[in-house]
Amino acid sequence: MTEKLPPVRVRFAPSPTGRTHLGSGRTALYNYLLARQTGGQFLLRIEDTDQKRYVPEAEQELMESLRWLGLEWDEGPDVGGPYGPYRQSERKEIYLEYAKQLIEKDKAYYCFCSPERLARLREQQMQAKQATMYDGLCRQLTPEDALRRVKQGEPHVIRFKTPREGSITVRDYLRGDITVENRTIDDYILVKSDGWALYHLAAMVDDHLMRITHVLRSSEWLSTFPLHGHIIRAFGWQEPVFVHLSVFLKPSGKGKMSKRESAQLLQDGYSIFIKDLEQLGYLPEAVVNWIALMGWSYDDKTEFFTMQDLIEKFSLDHLNPSPAAINFTKFDHFNGLHIRHLSVEELAKRVKPFFLRAGLQPEDTKLLQIAPIIRERLVTLDDAVEMAGFFFRDQMDYEADLLVGKNMNPSESLQVLQESYDLLKNLAFEEKETLETALRNLAEQKGLKAGQLFGILRIAVTGQSVSPPLIESMLILGKEKVLERIQDALKRLQPIVGL
RNA sequence: GCCCCCAUCGUCUAGUGGCCCAGGACGUAGCCCUCUCAAGGCUAAAACACGAGUUCGAACCUCGUUGGGGGCACCA
């Protein structure tokens with residue numbers, strides 16, 4: 001636990017420009033954990049100041065993803081709160097007002113340079129192998145002059161007036177002090193010519209107005225962090241604690257995820273998008289456990305965590321600043337762990353939609369019986385269909401020669417299958433022991449290994465060479481169906497024997 | 001090119017100067033259990049990027065090198 005923090009106010013502030021992925025999920029999770037642990041508030045703020053990049057479905061998917069993971073926010077666009085609105089597109093005037101404050105304080109200035117001039121400038125600088133920055137042309141303008149041109153309707157932006165001399169030191173919670181020469185920091189645009197604020201202004205203003213105490217954000221903000229320090233100090237505001245989270249790398253560890261990689265990943269049955277993971281049969285509990293451990297650790301041995309555990313044990317002090325490669329194999333392991341951690345009732349409930357999706361009609365009572373025998377065999381919920389679909393299908397679909405036992409010929413197989421039928425016909429399908437002893441005795445009589453007999457019966461009864469334990473499966477399926485299927489198998493085997 | 005960040009097994013990581021010829025987990029290999037497949041148990045191989053310092057002593061501190069990542073937009 002983070003050494004006794006007072007209640008924090010934290011926020012997750014995504015821009016609705018695309019699908020919600022694991023990296024966002026983890027940032028949101030850490031924020032959420034800190035809020036719950038300290039009894040503070042977790043806010044959701046939508047950073048949609050760029051209308052050009054706005055994707056309408058993105059916000060919906062974002063909220064669904066967070067809720068699926070179990071990350072409920074205390075304040076946000078849909079639930080409201082005392083510091084709203086929580087959508088930046090509804091706060092345009094606020095930012096403009098604060099930008100003007102900065103101009104009055106001589107910490108910002110109007111700039112009338114055209115995009116064309118800026119492009120040319122950039123080109124020249126690149127050719128001269130210099131850093132690409134604004135050259136400060138409009139800094140020279142007198143405030144009166146600038147204001148006059150603004151009033152005349154001349155297109156303009158507002159730029160931050162980064163000090164030319166000296167340096168700034170900002171503090172990242174994980175990395176300590178970071179000192180940067182001011183001359184390497186650009187006069188970033190705060191407000192665009194269309195009047196909309198950019199991230200650097202909007203986020204700082206909102207974090208202040210919304211009383212944010214801790215900013216946990218992606219480390220891609222590290223490079224503009226000094227600028228943010230300047231902006232906050234220009235206003236004279238109290239700085240929140242900044243924690244820059246490491247980035248996720250693609251599984252190979254070489255670079256971050258690209259479109260191409262995402263497509264390939266889906267081929268392999270994985271995805272970095274949270275909504276996809278739900279479809280693929282992963283548990284939100286497993287996703288949370290897994291991503292929590294990419295960049296954070298509790299000790300040198302504990303790896304299984306529920307959300308409740310994480311709320312209790314999460315700590316900023318055990319965050320790891322280095323980038324982490326996404327490892328889906330380990331994710332599978334965590335999903336298995338959490339599936340086994342589910343109660344029978346819960347597993348039955350969660351697995352049901354996957355059967356329905358496969359066009360099967362599972363009865364709840366059967367599902368409840370099946371859950372315990374498939375529980376330790378599942379990697380994903382979707383695996384249940386493959387493993388136990390035979391309970392709900394009437395038509396068996398398998399190659400008849402699979403009915404020939406290991407190291408046996410067709411006629412031996414047919415014979416022992418027939419004898420199994422006769423044996424089972426006279427038994428009550430109640431006790432596991434009754435069936436098991438009978439079948440084992442039969443195998444012994446015939447000089448067969450139990451595995452040989454069970455193998456044949458497994459195919460006959462389940463149509464699969466891999467299945468949940470045979471006897472249990474037969475009991476759940478019921479005497480009638482088991483006999484029917486063996487009968488069917490006998491018919492399939494006969495032509496092979498030559499009958 | 002410029003700026004910033006990072007650096008322990010293949011991967012996620014523990015480790016904050018002596019407890020470490022480096023611990024756990026996934027994966028891999030072998031064995032046990034076993035009606036298939038799993039699950040579970042045991043065992044094994046597997047790492048402090050490199051080079052200089054500082055120190056009685058360095059995975060841990062400093063510097064450099066190399067490697068990796070991020071940023072350099074009227075995107076966030």
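Throughout, a chain's letter reflects where its sequence line sits, starting with A, and its residues are numbered from 1.
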Whole-angstrom distance between B/rA29 and B/rG67, as gauged at atom P: 34 Å
Which nucleotide in B/rC12, B/rU11, B/rG27 has an atom nearest any side-chain atom of A/E303: B/rC12
Ionic contact status for A/E239 with A/R233, cut-off 4.0 Å: yes
Closest to the A/A131 side chain, choosing from B/rG71, B/rC2, B/rC35: B/rC2
Gap between atoms CD1 and C1', on A/I189 and B/rC74 respectively (whole Å): 4 Å
Between P of B/rG69 and CD of A/E261, the distance in whole Å: 12 Å
Touch class at under 4.0 angstrom, heavy-atom based, for A/T329 against every strand present: sugar-phosphate
Cation-pi check, A/K92 onto A/W196 ring (under 6.0 Å, within 45° of axis): yes
hbond_proxy A/R175 side chain to B/rC5 base (donor-acceptor, 3.5 Å cutoff): no
Gap in Å between the two C1' atoms, one belonging to B/rG41 and one to B/rA58, rounded: 38 Å
Sugar-phosphate, base or nothing in reach of A/V157, heavy atoms under 4.0 Å: base
Candidate nucleotides B/rG70, B/rC37, B/rG40, ranked by approach to the side chain of A/R377 - the nearest: B/rC37
Distance, rounded to the nearest Å, where A/K330 contributes NZ and B/rU11 contributes P: 13 Å
Base paired to B/rC60 (Watson-Crick or G-U; both N/O distances under 3.5 angstrom): none
Interatomic distance at P, B/rU8 relative to B/rG15, whole Å: 13 Å
Proximity to the side chain of A/R458 - top-ranked nucleotide from B/rC75, B/rC26, B/rC35: B/rC35
Sidechain-backbone polar pair: A/Y86 side chain, A/I46 backbone, donor-acceptor under 3.5 Å: no
Pi-cation contact, A/F242 with A/R217 (under 6.0 Å, within 45°): no
Nearest-nucleotide pick for A/N327, side chain only, options being B/rA38, B/rU11, B/rA73: B/rU11
Sugar-phosphate, base or nothing in reach of A/P469, heavy atoms under 4.0 Å: base
Span that lies between the C1' atom of B/rC19 and that of B/rA59, in whole angstrom: 14 Å
Nearest listed nucleotide, side chain of A/N320, among B/rG69, B/rC75, B/rU13: B/rU13
Options B/rC12, B/rA76, B/rU36, nucleotide nearest the side-chain atoms of A/V466: B/rU36
Along RNA chain B (nearest heavy atom to each residue), the more 5'-positioned of A/L198 and A/E436: A/E436
Chi angles and distances behind the salt bridge (charged side-chain N to carboxylate O under 4.0 Å, His left out) call for A/E47, A/R91: CA-CA 10 Å; A/E47 311 225 321; A/R91 300 170 68 81; over 6 Å; no
Nucleotide forming a Watson-Crick or wobble pair with B/rA25, both distances under 3.5 Å: B/rU11
A/L457 versus A/S420, closest heavy-atom pair with distance: CD2-CB, 4.0 Å
Gap in Å between the two P atoms, one belonging to B/rC2 and one to B/rU65, rounded: 13 Å
Of the listed nucleotides B/rG71, B/rA14, B/rC75, the one nearest the side chain of A/S223: B/rG71
Pair A/Q452-A/N407, side-chain donor/acceptor within less than 3.5 Å: no
Euclidean distance for C1', B/rU62 against B/rG27 (whole angstrom): 37 Å
Of the listed nucleotides B/rC37, B/rC5, B/rC12, the one nearest the side chain of A/L222: B/rC5
Within residues 287-297 of chain A, residues whose heavy atoms come under 4.0 Å of RNA chain B: A/L293, A/M294, A/G295, A/S297
Sugar-phosphate only, base, or nothing, as touched by A/H318 at under 4.0 Å among non-hydrogen atoms: sugar-phosphate
Option among A/V379, A/N289, A/V287 that satisfies the side chain to side chain contact (heavy atoms under 4.5 Å, CB included) test with A/F331: A/V287
Closest listed nucleotide, where the reference is the side chain of A/R53 and the choices are B/rA76, B/rA38, B/rA39: B/rA76
Pair partner, B/rA39 [Watson-Crick or wobble, under 3.5 Å]: none
Note, A/L402 side chain near A/S465 side chain (heavy atom, < 4.5 Å): no
Base of B/rC74 paired with side chain of A/S193 (donor-acceptor, under 3.5 Å): yes
Protein-nucleotide distance (A/K129, atom NZ; B/rC3, atom C1'), rounded to Å: 16 Å
For A/I339, the option from A/L378, A/D383, A/T380 that meets side chain to side chain contact (heavy atoms under 4.5 Å, CB included): A/L378
A/D177 vs A/F331, nearer the 5' end of RNA chain B by closest nucleotide: A/D177
Distance, P atom - from B/rG23 to B/rA46, rounded to whole angstrom: 12 Å
Touch class at under 4.0 angstrom, heavy-atom based, for A/I178 against every strand present: sugar-phosphate
Whole-Å C1' distance, B/rC33 and B/rC21: 35 Å
